[in-house]
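Following: one structure in structure tokens, then a few remarks.
Atom set for the values below is all heavy atoms of this structure, side chains included, hydrogens, waters and symmetry mates excluded. All of these numbers come straight from a predicted model, not from anything done at the bench. Lettering follows sequence order; numbering is per chain, from 1.
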2 protein chains.
Amino acid sequence: MTGTSIRGMPSTGAPRRATIRDVAVEAGLSRGTVTRVLNGERYVSPAAREAVERAVAKVGYVPNTAARNLALRRTHAIGFCVHEPHALFLEDPNIGSILLGANSVLSAADFQMVSIVIDSLRDSERVARYLSGGFVDGAIVVSARQDDSLFDVLHRLSVPATLVGRPPEGITMPWVGIDNRGAAAAVATHLLATGRRRVGMLAAALDRDSGADRLAGFRDALGDRFDPELVVELPLYEYTAGRAAMTQLLARAPELDAVFAASDAVAAGALEALRAAGRRVPDDVALVGFDDSSWALRCDPPLTTVHQPARVLGERAAQSVLAQLRGAPADLDGSLLETHVVVRGSA
Amino acid sequence: MTGTSIRGMPSTGAPRRATIRDVAVEAGLSRGTVTRVLNGERYVSPAAREAVERAVAKVGYVPNTAARNLALRRTHAIGFCVHEPHALFLEDPNIGSILLGANSVLSAADFQMVSIVIDSLRDSERVARYLSGGFVDGAIVVSARQDDSLFDVLHRLSVPATLVGRPPEGITMPWVGIDNRGAAAAVATHLLATGRRRVGMLAAALDRDSGADRLAGFRDALGDRFDPELVVELPLYEYTAGRAAMTQLLARAPELDAVFAASDAVAAGALEALRAAGRRVPDDVALVGFDDSSWALRCDPPLTTVHQPARVLGERAAQSVLAQLRGAPADLDGSLLETHVVVRGSA
DNA sequence: GCAGGGTCTGTGACCGGTCACAGAACGCAG
DNA sequence: CTGCGTTCTGTGACCGGTCACAGACCCTGC
């Protein structure tokens, strides 16, 4: 080893950071007293408190997180696990809102949020390392697949976690979600009530509870009118996939007069395809989305869609994880938040 | 304290996680040898190596990050500091691309990326705690204000950092960026060359190098034709702000025949306002954006805009920080990446 | 004067890794 | 057989915090 001495004496490099011992010496007290002051415990004399505060300011003391984490066996960090390609993670405003909601609750509680994006399968191992390496105290899981290996990891490591969405069969864990099935049924009912007769669906992400439930609800409400020919499946909630799927659906069933898209992004893509095909929305074809995201308002005409309280979902999930950390019994029943159909110009 | 004993005996709670000592005992070796195997050092007998590997698998050992960080005085984490409101952080595809680029380089080098969003001023302190608390080894700074207090913090703590964008006067630090001034001048030149005579600008974020430089370049190229009356300032690169600013500009100068918007999001808002005012784009008014983000393609007509290699900026910034960590001399000159005007339908 | 309680402080061990050093085991040349 | 170098292993100290415990000090009441 001939490299430069990174851990060498202060002769080169950064001036070693002040530790709690430096503060103790400066204040003429012991380490124990300094910790007590810093953690606001009882049984500290005003004189000691003041001396420590002055010393902290003087030596520019900042606590070392790694040391504290090690001693306390906790990190004050929560993992936000998203099982989506990186790009979609940023494009999907729904996930963004959930993230924002979770983040606001967590930072209010002085917790840090660490985004863990599961992109490729190869990432599973990295994620497991993360969750178990004492990096996070708990996890919020978003958009997991029904057969996600993440569930095994969480169970094996017994990391406190809350799922956004309904857990798959056989898995019991705390969760918050919306009634996707009921909401989808409400959409279909609305379309029928406004006189539509040939109603198609762009069904996305059937490997996840949200996608599967939306299709199920759609089928519920349509009853006899349900025609599998009018359903096109697409893997992800994506704009471009929506456009392609709509084109395909039009080719297959040119006579349709309404479409339910499984998300606003998909609906925006569908709108583009409908426009390209010369169909007027809503005159020729009614179009409904899902999420009530910024996509919905950005469309022309603005989308009729299902409002889902994404921000609140994030907040609730964060609260649930924090509650678990405080030792509260995990609420395994899950809680469903209200949704409602927002009628705008497109249907 | 009557709470449940979190750190009590394994009678309740999670079964204490295996440590390196457990592995050593299981393998019939010492801690030292185990570390050597785990870190792939020389001077380990094949027998020992194999015994350790078996023991690791048997006891389910996972290294504790906090302990390792403490001992090594590093975290293998890089902070990605964004000085923007939370919401915009997610909405701005440019920042998203930079983030993606940085993340890909960092995870390839087995580094973790921690997003640090500076929203309110109150956050400055939290961020300082972060950067200094041994939480990250270095930082990538995006969209800093010219007088950002973050620069003081970085300098005081001597955290290796790289800036995306040009540093303000008086600050020397490694950076990567694009020639905003030259690119803006190219846009203005393009507009003049296509016969436009009354050219306005929606100038955003003048408190940042990108915003200020784009306005300066615009003025450079327009020369005598520059009319301050035709410039509307807006605080952030935002869709809604762009729409409002365009409405204001139209009221002020109804005769204008071209507009340069400081970002695609702003341009998309402006397009909406122009349409509402009954102006045809590009027939009545030419419109140019900046960023070549997904907004540009989503508009109708698609936007003429400036392509900026956002992903590459992120990659370069990450590489620069990693190089600093390896002890390479920091490249203080900064590097400018190429941009070019992409001509589409709107101008 | 002393027991008993509350307040305040200092000390040593510990969290789970890494590292420098010391030394054991072995081969080989003189 | 001794000396030397290489390979391999174990030990104790350390990173920078926290915590349990022991004790010092002060006040009060008998």
query: Think A:Asn39 has a side-chain N or O under 4.0 angstrom from the OP1 or OP2 of D:dT18?
result: yes

query: Counting only distance, no hydrogens or angles, is the base of C:dT18 paired donor-acceptor with the side chain of B:Arg31 under 3.5 Å?
result: yes

Interatomic distance where CZ belongs to B:Arg73 and P belongs to D:dG17 [whole Å]: 12 Å

- prompt: Where each residue is assigned the nucleotide of DNA chain D containing its nearest heavy atom, which of B:Ala67 and B:Ser45 is assigned the position nearer the 5′ end?
  reply: B:Ser45

statement: Of D:dT11, C:dT18, D:dC15, the nucleotide closest to the side chain of B:Arg68 is C:dT18

message: For a quick test of reading the model: is some side-chain N or O of B:Thr33 closer than 4.0 Å to OP1 or OP2 of D:dG10?
response: yes

field: Nucleotide C:dG16, atom C1' - distance to CG of B:Asp22 in whole Å
entry: 10 Å

task: Look at the side chain of B:Arg21 and the base of C:dG17, then say whether one donor and one acceptor between them are separated by less than 3.5 Å.
output: yes

task: Nearest whole angstrom, please: distance from the P of D:dC14 to the CZ of A:Arg17.
output: 22 Å

Minimum heavy-atom distance between B:Leu154 and B:Met173, given as atom pair plus value: CD1-CE, 4.3 Å

statement: In whole angstroms, the gap separating C1' of D:dT9 from CZ of B:Arg49 amounts to 14 Å

- prompt: Within less than 4.0 Å of OP1 or OP2 of C:dC19, is there a side-chain N or O belonging to B:Thr35?
  reply: no

statement: Here the distance between atom C1' of D:dC15 and atom CG of B:Asp137, to the nearest Å, is 15 Å

query: Has B:Tyr43 got a side-chain N or O lying under 4.0 Å from the OP1 or OP2 atom of C:dA25?
result: no

query: Short question: side chain of A:Arg166, backbone of A:Gly334 - any donor-acceptor pair under 3.5 Å?
result: no

message: With a 4.0 Å cutoff (strictly under), does any side-chain N or O of B:Thr19 reach OP1 or OP2 of C:dG16?
response: no

- line: Closest of D:dG10, D:dG16, C:dG10 to the A:Ala71 side chain is D:dG16

- prompt: Which of the following nucleotides, C:dC15, D:dT9, C:dG17, is nearest to the side chain of A:Leu70?
  reply: C:dC15

message: At less than 4.0 Å, is any side-chain N or O atom of A:Arg36 found next to OP1 or OP2 of C:dC8? Yes or no.
response: no

statement: Whole-Å distance, A:Glu41 CD to C:dT9 P, equals 12 Å

query: With distance as the sole test, does B:Asp137 use its side chain to make a donor-acceptor pair with the main-chain N or O of B:Thr75 at under 3.5 Å?
result: yes

task: Take atom CG of A:Leu72 and atom P of C:dC15, then tell me their distance rounded to the nearest Å.
output: 13 Å

message: Without decimals, in angstroms, what is the distance between B:Arg42 CZ and D:dC8 C1'?
response: 12 Å

- prompt: Does the side chain of A:Leu38 come within less than 4.5 Å of A:Ile20's, by heavy atoms?
  reply: yes

task: Report yes or no: does A:Gln324 contribute a side-chain atom to a donor-acceptor pair with the main-chain N or O of A:Ala161 at less than 3.5 Å?
output: yes

